[in-house]
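Computed from a predicted model, the values in this text were never measured in an experiment.
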Amino acid sequence: IIVSHTGENASMINCAKYLVDQNLSFILIGKEFSTLAKMSSLTIPQYSPKHEHPHDSISYTLSLTIILDLIYSILASSIK
């Protein structure tokens, strides 16, 4: 799972290239139609607030944590 606001960070793209070269797939939580989205097997679009209100940052972080927890739970429950 890769999380990226823009989907254009060079370090993240290099990590994704490594995964693809190893025939491994990954899920992107980030910007649709970005470089990383084109490389991922699944993209979960994210809204990136500008943090104009004091609670925006907390809401964003909490929602991302919940998404990651759900993905982990689903993957863990599929392992028998």
Reported CG-to-CG distance for the pair Leu64 and Asp69, which is rounded to 0.5 angstrom: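 If I round to the nearest 0.5 Å, the distance is 9.5 Å.
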Distance (rounded to the nearest 0.5 Å) between Ile44 CD1 and Ile71 CD1: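 Spacing of CD1 (Ile44) from CD1 (Ile71) equals 3.5 Å.
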Determine, using the 4.5 Å side-chain heavy-atom cutoff (strictly less than), whether [X] and [Y] are members of one ILVMFWY cluster.
| X | Y | value |
| --- | --- | --- |
| Leu68 | Leu75 | yes |
| Leu24 | Tyr18 | no |
| Ile2 | Tyr72 | no |
| Val20 | Met12 | yes |

Distance-minimising heavy-atom pair for Asn9 and Thr6: N-OG1, 3.9 Å
Results of side-chain contact (heavy atoms from CB on, under 4.5 Å) for Ile74 - residues two or more places apart only: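 Counting only residues at least two positions away or on another chain, Ile74 forms no side-chain contact (heavy atoms from CB on, under 4.5 Å).
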Output side-chain donor-acceptor pairs under 3.5 Å for residues 33-41, partner residues at least two apart or in another chain, one line each.
from  : atom 1 : to    : atom 2 : distance (Å)
Ser34 : OG     : Lys31 : O      : 2.8
Ser34 : OG     : Ala37 : N      : 3.2
Thr35 : OG1    : Glu8  : OE1    : 2.6
Thr35 : OG1    : Glu8  : OE2    : 3.3
Ser40 : OG     : Ala37 : O      : 3.1
Ser40 : OG     : Leu42 : O      : 3.3
Ser40 : OG     : Thr43 : OG1    : 2.9
Ser41 : OG     : Phe26 : O      : 3.0

